[in-house]
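Residue numbering restarts at 1 for every chain, and letters A, B, ... go by the order of the sequence lines. Side chains are part of it too, since the values below use all heavy atoms of this structure and drop only hydrogens, waters and symmetry mates.
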Amino acid sequence: MSSETKVRVRMAPSPTGPFHVGGARTALFNWLFARHYGGVFVLRIEDTDVLRSKPEYTQNIVDSLRWLGLDWDEGPEAGGLLGPYFQMQRLNTYREASDRLLASDKAYYCYCTHEELEAEREKARAAKVAYRYSRRCRHLTAEQRSELEAQGRKPVIRFAMPLDGTVGFRDMIRGDIAFANQELDDLVIVKSDGIPTYNFAVVVDDTTMEITHVIRGEDHIPNTPKQIHIFRALGYPLPQFGHLPMILGPDRSKLSKRHGAASITEYAELGYLPEALVNYLALLGWSYDDKQEIFTRAELIKLFSIERVGKTGAIFNIEKLDWLNGYYIRQLDLDDLTRRILPFLRQAELVGPEELTADQFGHVKSIVALIQERLKRLAEAPGLTDFFFKKELEYDPALLVSKALTPMEARATIMQARERIVATAVFDAPNLEHTMRELAEDLAMKTGQLFGSLRVAVTGRTIAPPLFQTMAVLGREQTLARVDRAISMLDKMIQKLSA
RNA sequence: GCCCCCAUCGUCUAGAGGCCUAGGACACCACCCUUUCAAGGUGGCGACAGGGAUUCGAAUUCCCUUGGGGGUACCA
């Protein structure tokens with residue numbers, strides 16, 4: 001990379017839907033590229049699709065990028081000298097450029113109606129040939145034009161594509177790519193309402209925003225030759241292009257909403273950590289070597305290079321993300337984890353909306369400690385811990401009866417356990433464990449049988465965090481209340497059986 | 001249809017002519033640890049799409065076939 005010119009890259013999403021995983025990966029690679037070279041990362045909102053663009057989607061893009069920790073140096077809410085960073089605020093800039101193209105005959109007014117164009121397309125379909133605009137308006141005389149205008153037709157502006165020759169470019173990721181100009185259409189660059197289309201606006205913006213490297217998805221490869229011609233027609237220098245491999249759904253088609261969760265917001269709500277998602281996304285299309293795949297943000301910035309980006313489409317594999325997320329959760333310190341889990345506990349109404357006292361926070365923290373290594377997603381926390389917060393547990397009393405025990409035996413066992421719990425001097429996990437192991441021995445029971453019954457009594461379920469730590473967190477009073485309730489449930493059960 | 005891109009385990013990938021009997025990770029299976037579930041440990045299963053060519057020697061280079069993907073808008 002030449003050091004004279006500062007690297008300037010951009011992310012240019014259109015606010016026509018929630019910010020999704022594919023966009024996030026593109027943003028991440030651009031961001032890493034910029035940060036690696038000490039360059040500038042620009043965020044530009046491509047809102048020229050006035051029908052589908054919505055302010056809330058712009059907000060969603062901003063929120064998602066922030067959540068991921070991908071900060072931009074120029075763009076919405078950041079400002080910058082080369083703005084505005086919303087295309088709809090740059091209409092005069094495009095106008096100036098299209099005027100120049102018109103003046104030099106590199107673009108022309110086209111008066112064809114949708115119906116006329118559709119008829120052309122239909123003809124092409126019938127003849128089984130590739131459709132391309134007939135270019136019937138390319139050489140209209142002034143008279144013809146005023147006549148068409150007199151009919152009230154609102155023209156679009158089309159780009160006059162070279163009719164022969166080839167265009168090529170050296171893709172930073174894929175090497176040389178070439179297209180025959182014959183394949184290229186006289187594309188519309190300004191719509192009849194005066195708003196520029198993507199391929200035109202992007203060229204004007206990338207130039208005026210001094211973008212040096214255009215890093216985007218592979219789906220833009222077919223656009224690149226068109227844009228190169230526009231760059232040239234305008235007398236603009238070309239940026240470098242790099243096309244990232246696609247992110248695919250399990251069916252190997254481009255990842256989209258129909259593959260399930262696709263927006264960054266959804267991943268946040270499911271309880272993925274931004275650092276895990278960033279790490280995972282970095283691995284989709286990029287790799288460092290055959291050893292390391294857990295990277296801190298700083299390592300990614302240091303190690304990232306466009307040369308190590310692959311060309312093959314990558315399936316978004318949620319299982320690996322889950323593993324990574326679990327890994328990151330396990331690495332978090334307890335205070336941090338607890339703070340991150342709290343919103344999920346509140347949403348599940350296990351914890352009230354009010355600010356927690358230090359004691360309360362400490363209590364939640366001791367609960368979180370018991371599930372830290374069992375969590376894959378933060379949203380699982382309420383389901384794993386609800387029994388800590390509930391006063392009355394709902395469960396099938398039959399679960400209290402461990403394998404090879406009768407209800408009567410189970411009841412007697414729990415009664416014994418109750419006595420020893422009461423008698424325990426220090427109510428902590430090591431003591432409880434010691435006491436209960438002793439009890440099992442005294443009763444000549446397998447520890448699993450005793451612990452199993454107790455687990456159900458205390459947690460209402462067969463799968464739970466370690467029993468004695470759970471009891472310790474619950475406290476003697478709560479634990480006894482639950483044991484008592486289990487005994488009475490068993491009583492009812494026994495009554496019913498003998499009746 | 002036409003154009004373009006791509007092609008190593010189920011998935012993400014390492015591999016830039018001999019280091020490959022193809023390495024790692026996720027997932028899966030087994031075992032160990034263990035009060036359940038996890039976590040952790042050990043081991044296992046598992047791939048160079050096919051065919052030519054170049055070369056003393058190809059996963060690595062070239063060509064063809066096949067397969068997959070993307071594009072083909074007054075969407076971006």
[atom1] of [X] versus [atom2] of [N]: gap in Å, rounded?
| X | N | atom1 | atom2 | result |
| --- | --- | --- | --- | --- |
| A:His259 | B:U11 | NE2 | C1' | 15 Å |
| A:Leu283 | B:U13 | CG | C1' | 8 Å |
| A:Leu454 | B:C37 | CG | P | 17 Å |
| A:Tyr94 | B:A76 | OH | C1' | 12 Å |
| A:Arg216 | B:C4 | CZ | C1' | 14 Å |
| A:Phe387 | B:C37 | CZ | C1' | 11 Å |
| A:Lys191 | B:A73 | NZ | P | 15 Å |

All side chain to side chain donor-acceptor pair (under 3.5 Å) counterparts of [X], not counting sequence neighbours:
| X | result |
| --- | --- |
| A:Asp47 | none |
| A:His229 | A:Asn181 |
| A:Glu218 | none |
| A:Gln478 | A:Arg482 |

Using the side-chain heavy atoms of [X], tell me which of these nucleotides is nearest: [options].
| X | options | result |
| --- | --- | --- |
| A:Tyr198 | B:A76, B:A14, B:C74 | B:A76 |
| A:Asn199 | B:C74, B:C12, B:A76 | B:A76 |
| A:Ala314 | B:A76, B:C12, B:C5 | B:C12 |
| A:Arg52 | B:A7, B:C26, B:C75 | B:C75 |

Worksheet entry | Non-neighbouring partners of A:Phe241 that pass ring pair (Phe, Tyr, Trp, His ring centres under 6.0 Å), sequence neighbours left out |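 A:Phe241: ring pair (Phe, Tyr, Trp, His ring centres under 6.0 Å) contacts with A:Phe169.
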Is a side-chain donor or acceptor of A:Arg308 paired with a backbone partner of A:Phe304 at a separation under 3.5 angstrom?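 It does not hold such a pair.
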**Message:** Quick check, does A:His243 stack with B:C5? I mean ring centres under 5.5 Å and planes off by under 30°.
**Reply:**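 A:His243 vs B:C5: stacking no.
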How is [X] classified with respect to the nucleic acid when contacts are heavy atoms under 4.0 Å: base, sugar-phosphate, or nothing?
| X | value |
| --- | --- |
| A:Ala178 | sugar-phosphate |
| A:Thr462 | base |
| A:Val156 | base |
| A:Phe468 | base |
| A:Pro250 | nothing |
| A:Gly310 | nothing |

Check nucleotides 16-21 of chain B for protein N or O atoms closer than 3.5 Å to its own N or O atoms and list the pairs.
none

When you measure only distances, ignoring hydrogens and angles, does the side chain of A:Thr197 come within 3.5 Å of the base of B:C74 through a donor and an acceptor?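 A donor-acceptor contact between them is absent.
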Any donor-acceptor pair, under 3.5 Å, between the side chain of A:Asn223 and the base of B:A76, if you only look at N and O atoms?
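Donor-acceptor pair under 3.5 Å: yes.
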Report task. Going by the side-chain contact (heavy atoms from CB on, under 4.5 Å) test, name the single residue among A:Leu405, A:Leu490, A:Leu454 that passes it with A:Leu400. Result ->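 Result for side-chain contact (heavy atoms from CB on, under 4.5 Å) with A:Leu400: A:Leu490.
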Counting only heavy atoms not in A:Arg476, do more than 12 fall under 6.0 Å of its CZ?
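Correct, the count exceeds 12.
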Looking at A:Glu441, I want to see if its CD is surrounded by more than 12 non-hydrogen atoms of other residues, nucleotides or ligands under 6.0 Å.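 Counting other residues, nucleotides and ligands, CD of A:Glu441 stays at 12 neighbours or fewer.
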Between N or O atoms, less than 3.5 Å apart, protein on one side and nucleotides 43-48 of chain B on the other: list the pairs.
none

Determine the interatomic distance between C1' on B:G17 and the same-named atom on B:G57; round to the nearest Å.
->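 After rounding to an integer number of Å, I get 7 Å for this pair.
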Protein N or O to nucleotides 63-70 of chain B N or O, pairs below 3.5 Å:
| from | atom 1 | to | atom 2 | distance (Å) |
| --- | --- | --- | --- | --- |
| B:G70 | OP1 | A:Lys254 | N | 3.0 |

So does A:Arg170 pair up with A:Asp176, basic N to acidic O under 4.0 Å?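 A salt bridge is present here (some side-chain N lies under 4.0 Å from a carboxylate O).
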With a 4.0 Å cut-off on N to O distance, would you call A:Lys123 and A:Glu120 a salt bridge?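 Result for this pair is no, no salt bridge flagged.
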### Complement of B:U34, any strand, by Watson-Crick or G-U distances under 3.5 angstrom
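Paired with B:U34, as far as the under-3.5 Å criterion goes, is no nucleotide at all.
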For B:C28, the Watson-Crick or wobble counterpart (both distances under 3.5 Å):
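Check on B:C28: paired to B:G44, both distances under 3.5 Å.
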Partner set under side-chain contact (heavy atoms from CB on, under 4.5 Å) for [X], not counting sequence neighbours:
| X | answer |
| --- | --- |
| A:Phe344 | A:Leu378, A:Ala379, A:Pro382 |
| A:Gln151 | A:Leu148, A:Arg153 |
| A:Lys390 | A:Asp386, A:Leu393 |

Review point. Within the structure, does a side-chain N or O atom of A:Thr312 lie under 4.0 Å from either OP1 or OP2 of B:C6?
Key: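 So the side chain of A:Thr312 is outside the cut-off, no N or O lying under 4.0 Å from OP1 or OP2 of B:C6.
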- Can you tell me if the side-chain N/O atoms of A:Thr16 get under 4.0 Å from OP1 or OP2 in B:C75?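 Answer no for this pair, as no side-chain N or O of A:Thr16 is under 4.0 Å from OP1 or OP2.
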Quiz item: Less than 6.0 Å separating the ring centroids of A:Trp286 and A:Phe295?
Solution: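 Yes, the ring centres sit under 6.0 Å apart.
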What are the atom names and distances for every N/O pair under 3.5 Å that joins the protein to nucleotides 39-42 of chain B?
| from | atom 1 | to | atom 2 | distance (Å) |
| --- | --- | --- | --- | --- |
| B:A39 | O3' | A:Arg330 | NH1 | 3.3 |
| B:G40 | OP1 | A:Arg330 | NH1 | 3.3 |

